[in-house]
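The structure appears right after this line, and notes come after that.
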Number of protein chains: 2
Amino acid sequence: MDDARGRLAAAAVEAFADNGFHATTTRDIASRAGMSPAALYVHHRSKEGLLFALSRDGHLAALDVVTEAAARHDDPTARLQAMIHDFTQWHAEHSKTARIVQYELAALTPDHLAEVARHRRAIERTVREVLEEGVARGEFEVADVPGTALAMLSLAVDLVRWYEPGGSRSPQQLADLYAGLALRMARPL
Amino acid sequence: MDDARGRLAAAAVEAFADNGFHATTTRDIASRAGMSPAALYVHHRSKEGLLFALSRDGHLAALDVVTEAAARHDDPTARLQAMIHDFTQWHAEHSKTARIVQYELAALTPDHLAEVARHRRAIERTVREVLEEGVARGEFEVADVPGTALAMLSLAVDLVRWYEPGGSRSPQQLADLYAGLALRMARPL
DNA sequence: GTCTATAAGATGATAGAC
DNA sequence: GTCTATCATCTTATAGAC
């Protein structure tokens, strides 16, 4: 993160997360990184190209967190708990990157959007699959599996709208809370 | 909606919801309303002033929906179910206005933000109160009332990120789904 | 790779005719 | 109340010196 490219990326995460892609200027990013506006174009094709690099890396990190959590458990209940816990914790601990991942899709070019959309679908599929298996084993009772999967992910996604580091809830507390709520959503009545 | 002010407001809802406040130009709003860019300034002090009018009206409508649903029921279970049902349905049926309400707070001036923040807190308070009463009566078992209230509202709020009219789920179906999930979140274990 | 300077165009808002 | 024309400024991105 000491190279120029990394400094620009770190500056862009702050700027995009705080002000949004369209309200952020290339001058703002460059000056946060201690460089001139022209330097940005040595390391990135365009302002959108820089956004895409951040969004793609963020999507891959989020997908990895969910996949790893799922792989650590065999039992659907434990697996779902771990997946929502870690997905929530990641969103809180990386709330600025997560804000870019979740809220700046519309600023991507069609090609770049298509790539991150694949990663998004992979995350949703992983949650649907654990719900399906829990229902099959009788551990869960879920009438609408795709809709309930979407709702569980919404909890973590929506946290980036209001979360601020150092607030009244730690990432761990939020992760415990939302993982517990997800289990309640799936548990047999 | 046939007067010029109403046409500008309707055009701005579409433009802000589709492209975001900062990516929307006054020329875009005016041309969607069939007027010249200058006409916007006859009816609104600024682009932000137009945003505030939409955001304030949307917040008041959302607050009204929750308050009315709460007032229709005495039992905490029925009241919570109605509140989340109607709040969800409103977000789906007015998804463009709701997108402005939920995602364009950062574009408001400090004074304007302070006003809509009061309406937001009123909505949160109403949900917290029904949870507190349900717990007191033994109908609910909720360890973290403020956090759970936030999670219930997150379901409806986050729907405006992905919802499109004419999709696979109707506003009523989503409202039923999320109201049911909210009851599961609060029900005794 | 970084800078200064600037091109080329878009932007929010206003002036003044009708 | 609407228009055309325009101001002053800001924007992304590039050119060319070092």
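Values in this document were obtained by computation on a predicted structure and should not be read as measured data. Throughout, protein chains are lettered first and strands after them, A, B, ... in sequence-line order, and every chain is numbered starting at 1.
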Round to the nearest Å and state the distance from [X] atom [atom1] to [N] atom [atom2].
X        : N       : atom1 : atom2 : value
Met35(B) : dT4(D)  : CE    : P     : 12 Å
Leu51(B) : dA13(C) : CG    : P     : 12 Å
Ile29(B) : dT11(C) : CD1   : C1'   : 12 Å
Asp3(A)  : dG1(C)  : CG    : C1'   : 12 Å
Arg7(B)  : dT2(D)  : CZ    : P     : 7 Å
His43(B) : dT2(D)  : NE2   : C1'   : 8 Å
Asn19(A) : dT11(D) : CG    : C1'   : 16 Å
Leu50(B) : dA13(C) : CG    : P     : 11 Å

Which nucleotide, [options], lies nearest any side-chain atom of [X]?
X        : options                   : result
Lys47(A) : dA13(D), dT14(D), dT14(C) : dA13(D)
Val42(B) : dA13(C), dT2(D), dA13(D)  : dT2(D)
Ala4(B)  : dT14(C), dA15(D), dT2(D)  : dT2(D)
Arg27(B) : dT2(C), dT6(D), dC3(D)    : dT6(D)
Tyr41(A) : dT14(D), dT2(C), dT11(C)  : dT14(D)

Original post:
Can you name the closest pair of heavy atoms from Ile29(B) and Ala11(B) and give their distance?
Top reply: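 Reported closest heavy-atom pair: O-CB, 3.5 Å.
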[X] side-chain N/O to [N] phosphate OP1/OP2 under 4.0 Å:
X        : N       : value
His22(B) : dT11(C) : no
Thr26(B) : dG12(C) : yes
His44(A) : dA13(D) : no

**OP:** Please determine if Arg7(B) and Asp3(B) form a salt bridge, counting it only when a charged side-chain N lies under 4.0 Å from a carboxylate O.
**Re:**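 Between Asp3(B) and Arg7(B) there is no salt bridge, as every charged N stays at least 4.0 Å from the carboxylate O atoms.
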Original post:
Ala39(A) near the nucleic acid: base, sugar-phosphate alone, or nothing, with a heavy-atom cut-off under 4.0 Å?
Top reply: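 The residue Ala39(A) makes sugar-phosphate contact but no base contact.
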**OP:** Determine the contact category for Thr25(B): base if any of its heavy atoms lies under 4.0 Å from a base atom, sugar-phosphate if only primed atoms, P, OP1 or OP2 are that close, otherwise nothing.
**Re:**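 Answer is sugar-phosphate: Thr25(B) comes under 4.0 Å of backbone atoms only.
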Original post:
Between His119(B) and His59(B), how do the two ring planes meet: parallel, tilted or perpendicular, split at 30° and 60°?
Top reply: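 Because their plane-to-plane angle lies in the 30° to 60° range, the rings of His119(B) and His59(B) count as tilted.
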Original post:
Which value, rounded to the nearest 0.5 Å, describes the distance between Arg32(B) atom CZ and Glu14(B) atom CD?
Top reply: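 Interatomic distance, Arg32(B) CZ to Glu14(B) CD, rounded to 0.5 Å: 6.5 Å.
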Original post:
Is a side-chain donor-acceptor pair under 3.5 Å present for Gln102(A) with His91(A)?
Top reply: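 Yes, because at least one side-chain N or O of His91(A) sits under 3.5 Å from a partner of the opposite role on Gln102(A).
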